[in-house]
Each structure stands twice: as structure tokens, then as C-alpha cells.
Amino acid sequence: MKRFNFALNYSTMIETDILIIGAGPCGLFTVFEAGLLKLKCHLIDALPLAGGQLTEIYPKKPIYDIPGFPEVMAGDLIDELMKQAAPFKPGFTLGERAETIEKTDDDHFILTTNRGTKHKAPVIMIAGGLGCFEPRKPPISNLSEFEDKGVEYIIKDPKIYKDKKVVISGGGDSALDWAIYLADDLAKEVSLVHRRQSFRGHPDSVQKVIDMSNDGRINLLTDSEVIGVNGNDSLQSLTIKAKVEGEIIKEADHWVPLFGLTPKLGPLADWGLNLEKNAIEVDTVDYSTNVPGIYAIGDINTYAGKLKLILCGFHEGTIAVQSAFKRIYPDKNLVLKYTTVNGVQGF
Ligand SMILES: Cc1cc2nc3c(=O)[nH]c(=O)nc-3n(C[C@H](O)[C@H](O)[C@H](O)COP(=O)(O)OP(=O)(O)OC[C@H]3O[C@@H](n4cnc5c(N)ncnc54)[C@H](O)[C@@H]3O)c2cc1C
């Protein structure tokens, strides 16, 4: 899957027509449907890359139930959705969690992220999937002292690892893929530490790591575990317990434990929305919530007969933007126009 580069916007206030929380497949397709109605969108996602579960959990798995695609790799579907949304120039705030909302006198929402970025819009579309993914942290007592001082749970900007000594832990696709990526002429030294002999990731990636280890480009430590983090102001070394060698100290500028992510509804649970078992209740007429101006689409919503499928989320986003348009422009008439007739008129 391609890695798209976006300029993250840290200006004081980002204004748009529809603020979409969650840049998963449903949020991305909503940008396109909103664009056809000349509504501009800005997406916020806690993860550093767009794509939601497809990018984070199963980028290399084929999907078979997207209409018109008998088989499509999850990562490729996200690339195509990004291309489809591109004419409507969506804005992105990535790597930040939507945290609080407040209402203004002119019936808009101000949404603030955990990093203080503020966004203003008359409509919020929650496409938050299973909620925010929180990293699984290894049980090391002083770990928090080194967070963002050498210990990172998500790779947001690979450039920070240039010419550095990096240790990655984990046995899944993320750990394998990042070890390969960073060892390919970026980091000074890459070590991959895994508790077992065998890896859970894609066989091609496992083979590539073994080949790179044989070439001396990745330092592969299996049957091993990081048990301590050491340093003064920032990370300097790791204590690794290896089955054969015993305890060793490894110099490291960065440690990236990639032990997976667990989803949590997180701050959205405090926004006064009607919830049922961690999902947001919606009216199936337009997928609106009980808070006027806030809609919920995709995996995060619930209603009688709900199916957590991508194609259902595409439908929900399409219907919801029609309702959002009427809310933003109550006096304008909305006529459905086929794309075959009108084409796609980008911004
Ligand atoms: C292994 C696997 C296989 C699957 N196979 C299929 C399949 O074959 N066909 C199919 O139709 N579906 C499949 N699914 C389900 C499909 O992935 C989901 O239905 C789909 O991802 C839902 O899309 P979404 O846009 O609603 O949410 P998601 O893809 O979950 O994206 C939601 C995004 O919102 C972000 N977010 C949440 N809360 C916040 C917040 N407060 N602030 C900022 N960001 C936030 C998250 O970080 C996430 O990136 C599969 C799922 C899995 C796990």
C-alpha cells in the first residue's frame, strides 16, 4: 500500500462543511459523496495513516464483497478510495484523537483534539469504526518515562529514524514491515526482537526479514524479549532477555514495541450521544444521532438489522450527506444527479 504524505495542519482553527472523525473506508467514501454535493470535508484520525482497520489490521488481505471488485487487497481499496476522494481536496488531521466538542452560538461545533488542534464545522460525521485504537504496552514499570523520548508505539514519521539505532519488537505484519522499511537505507541499525521463533505475519514478509538478517541488514533476535528500558533524559539502551544468551544490554536510540492495538470508544462516549453497547444509536432515515448535526456511519453505529460491512457504511455515508446538505443549506433544493451525467467536478 502507498504511504500518502499530508501536511498536517496545526493552525489555530480548521474550518470545513463536514468534519469526519475516522479516516477508514466509510469516512473516505463520504468525502466523495459530500464532494458531489459541493460540501468540503476534513478528516481526523488518531492513527498516522488513513484506512482504519484495513490499513491497521489487514492491509494485505483480499476482500471479496466490495461491489464491482471480485477481489481487492484491503490496502489497495484504501488507495483507490483516496484517489476517488482526491478531487474534493479533503483536509487531514492525522495522529490526533478527537477529544471534545462544544457548540457555538451560530450552531457550529468546535472540535478539539488531544493535541489541541481546533476544527469548526456545522456538521460532524462520526465514522470512528471500533473507536480509537490504543497500543498494547509491554509491562515495564518505567516505560512511561521514555514515551516520546525514544519509545514509540506507532511509527508516525519514519524520517525520525534516519541514521539511528532502532529496535522493533513484535511478530506481526507491522513489526515485520517496519523492520524491512527502516532497514532499507534509512536507519543506521535495525534489530527485530520477537518472543518466539515463528512470526504471525505474511510469509513473504517473514522470508524478506530472514533474507535481510542473513545479509546482515537486520539484526534478528528470536526467543527474546525486551525487559528493561534504560537512559537518562532519553532512551539509551534496552535490557533484552534472550533464551540462549541470557540478559544482554543493547544500545538503542529508539524502541518501537508493535504488539497490536486494542479499540476503545474513548472520548466519543462523553459527547451526550445515545449509546448501545459501545455503538452510537442512529435514525435509519439519515443516520443522524440524537444530537442534531452529528451523524454516525460505518461500524460505529447501531440500528435494527445493522451489518458491520464496508458496503453498508458506504450506503450510510451517502444518505447522511444528503441530510447534512439540507441542514447546512435549508433553503436550497437538492436534486440527485448521476455521475454519468455530471461527471466529477472537483474543487
Ligand atoms: C480481519 C478483518 C477482515 C474484514 N473483512 C471484511 C470484509 O471482507 N468485508 C467487509 O465488508 N468488511 C470486512 N471487515 C470489516 C471492515 O473492516 C469494517 O466494516 C470497516 O473497517 C469499517 O469501516 P469504518 O470506516 O466504519 O471504520 P474503521 O475502519 O474502523 O476506521 C475508523 C477510524 O476511526 C478512527 N477513530 C475512532 N475514534 C476516533 C477519535 N476519537 N479520534 C480520531 N480518530 C478516531 C480510528 O483510528 C480508525 O482509523 C473486516 C474486518 C477485519 C478486522
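Order of appearance sets the numbers: ligands from 1, and atoms from 1 within every ligand.
In Ala127, the part holding a heavy atom less than 4.0 Å from any atom of ligand 1 is the backbone. Counting heavy atoms under 4.0 Å from ligand 1, residue Ile21 touches it through the side chain alone. When non-hydrogen atoms are compared, ligand 1 lies under 4.0 Å from the backbone of Lys308 (N, CA, C, O) but not from its side chain. Of all the heavy atoms of Leu54, the ones lying under 4.0 Å from any atom of ligand 1 belong exclusively to the side chain.
Nearest to atom 34 (O) of ligand 1 among the protein's heavy atoms is Gly22 CA, 3.2 Å. Protein heavy atom at the shortest distance from atom 8 (O) of ligand 1 is Ile63 CG2, 3.4 Å. The closest protein non-hydrogen atom to atom 39 (C) of ligand 1 is Cys132 SG, 3.3 Å. Of all protein heavy atoms, the one lying nearest to atom 27 (O) of ligand 1 is Gly129 CA, 3.2 Å. In terms of protein heavy-atom proximity, atom 23 (O) of ligand 1 is nearest to Pro25 CG, 3.4 Å. From the protein, the heavy atom lying nearest to atom 53 (C) of ligand 1 is Gln53 OE1, 3.6 Å. When only non-hydrogen protein atoms are considered, atom 44 (N) of ligand 1 lies nearest to Ala46 N, 3.0 Å. Shortest contact from atom 10 (C) of ligand 1 to any protein heavy atom: Leu309 CD2, 3.6 Å.
For the pair Ser213 (side chain) and Val209 (backbone), a donor-acceptor distance under 3.5 Å is absent. No donor-acceptor pair closer than 3.5 Å links the side chain of Asp253 to the backbone N or O of Ser234. In this structure, His194 contributes its side chain and Ser198 its backbone to a donor-acceptor pair below 3.5 Å. At distances below 3.5 Å, at least one donor-acceptor pair connects side-chain atoms of Ser224 with backbone N or O atoms of Thr222.
Between Asp211 and Arg217 no salt bridge is recorded (no basic side-chain N to carboxylate O distance below 4.0 Å). The pair Asp107-Arg327 counts as a salt bridge, with a side-chain nitrogen and a carboxylate oxygen less than 4.0 angstrom apart.
At a 3.5 angstrom cut-off on N or O pairs, Gly298 does not count as close to ligand 1. Taking only nitrogen or oxygen atoms, main chain and side chain alike, Ile66 does not reach within less than 3.5 Å of ligand 1. Taking distance alone, with nitrogen or oxygen atoms compared against 3.5 Å, Ala98 approaches ligand 1 more closely than that limit. Among the atoms of Asp45, some N or O lies under 3.5 angstrom from an N or O of ligand 1. Considering backbone and side-chain N/O of Asp65, one or more are found under 3.5 Å from N/O of ligand 1. At under 3.5 Å, not a single nitrogen or oxygen of Tyr64, backbone or side chain, sits near a nitrogen or oxygen of ligand 1.
Using modelled atom types and a 3.5 Å distance limit, the side chains of Asp283 and Ser288 yield no donor-acceptor pair. A donor atom on one side chain and an acceptor atom on the other are found under 3.5 Å apart for Asp223 and Gln197.
In this structure, Gly313 does not count as a contact residue of ligand 1, since none of its heavy atoms falls inside 4.0 Å of the ligand. Residue contact annotation: Gly266 has no non-hydrogen atom under 4.0 Å from ligand 1.
Every residue was checked against the salt bridge (charged side-chain N to carboxylate O under 4.0 Å, His left out) condition with Glu225, not counting sequence neighbours, and none meets it.
Connectivity analysis of hydrophobic side chains (ILVMFWY, heavy atoms under 4.5 Å, direct or indirect) links Phe259 to nothing; its cluster partners are none.
Considering only heavy atoms from C-beta on, Ile126 comes within 4.5 Å of Trp271 through its side chain. You'll find the side chain of Glu99 stays beyond 4.5 Å of the side chain of Thr112, heavy atoms only.
Against a heavy-atom cut-off of under 4.0 Å, Gly52 is close to the following atoms of ligand 1: 29 (O), 31 (O), 48 (C), 49 (O). Proximity to Leu130 (heavy-atom distance under 4.0 Å) selects the following atoms of ligand 1: 30 (O). The distance from ligand 1 to the heavy atoms of Glu96 drops below 4.0 Å at these ligand atoms: 43 (C). Those atoms of ligand 1 that come under 4.0 Å of a heavy atom in Cys26, given as number and element, are 23 (O), 24 (P), 25 (O), 26 (O). Near Ile44, meaning under 4.0 Å from any of its heavy atoms, are these atoms of ligand 1: 43 (C), 44 (N). Atoms of ligand 1 lying under 4.0 Å from at least one heavy atom of Leu47, given by number and element, are 47 (O), 49 (O).
Taking each of Ile20, Ile126, Asp299 in turn, the one with a heavy atom nearest to atom 22 (C) of ligand 1 proves to be Asp299. Across Phe29, Tyr58, Trp271, Phe314, heavy-atom proximity to atom 2 (C) of ligand 1 is greatest for Tyr58.
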Check against side-chain contact (heavy atoms from CB on, under 4.5 Å), Leu143 and Tyr153
CA-CA 11 Å; Leu143 191 63; Tyr153 306 105; 3.2 Å; yes
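Taken together through direct or relayed side-chain contacts under 4.5 Å among Ile, Leu, Val, Met, Phe, Trp and Tyr, Val282 and Ile101 form parts of separate hydrophobic clusters.
With a 6.0 Å cutoff to the six-membered ring centre and a 45° limit on the axis angle, Lys103 counts as a cation-pi contact of Phe109.
Taking the six-membered ring where the residue is Trp, Phe29 and Phe314 present tilted rings, their angle falling between 30° and 60°.
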